[in-house]
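Each remark here refers to the structure printed beneath this line.
For the single chain, residues carry numbers from 1 onward in sequence order.
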Amino acid sequence: MENNLSLSIELHAFGSKSSLDKRIQTMPHVAFTVNDLNHALKENEIMPKYTPFKDYTCAMILVNNQPIELIETTLTEREIWGNGIFKDSILYPNSSKTK
């Protein structure tokens, strides 16, 4: 989603049968890139580590009861958000590119 702050904002939609933790489905969260995801996952993990597309692995933890997404990637922001990296990913299996 575009905004005046030049920040990438991702909006999620969850189906009624989503198996993700309810806190992920109902609470907004911030995301941080980390150098070593395994090392960073020492907090209470609420979304196990997974790779939704090539060269991008993430997980979620709780910090002060707030979901925080941790991401390990070699991709640039432009590669993630601007060049349709989501094509044929598990997040958007039938899309040709992000909007």
Take a 6.0 Å sphere around CG of N35 and say whether it holds more than 12 heavy atoms from other residues, nucleotides or ligands. no

Looking at every heavy atom in both [X] and [Y], which two are closest together, and how far apart are they?
X	Y	answer
E69	M60	CA-CG, 3.8 Å
R23	L62	NH1-CD1, 2.8 Å
D21	I46	CB-O, 3.8 Å
C58	M47	SG-CE, 4.1 Å
P28	P67	O-CD, 4.4 Å

Audit row: I71, Y56, side chain to side chain contact (heavy atoms under 4.5 Å, CB included) steps and yes/no
CA-CA 7 Å; I71 301 163; Y56 187 102; 3.1 Å; yes

Side-chain donor or acceptor of [X] paired with backbone N/O of [Y] under 3.5 Å:
X	Y	result
T51	F53	no
S18	F14	no
E72	L37	yes

Cluster check M27, I24: I/L/V/M/F/W/Y, side chain < 4.5 angstrom: no

Rounding to 0.5 Å, atoms OG1 (T73) and CG (D55) come to a distance of 6.0 Å

One should read off an interatomic distance between Y50 OH and T57 OG1, to the nearest 0.5 angstrom, of 10.0 Å

Before giving the answer on side chain to side chain contact (heavy atoms under 4.5 Å, CB included), spell out for L41 and L70 the whole-Å C-alpha distance, their side-chain angles and the decisive distance to 0.1 Å. CA-CA 8 Å; L41 290 176; L70 301 175; 4.1 Å; yes

- K54 and L75, any side-chain heavy atoms less than 4.5 Å apart: no

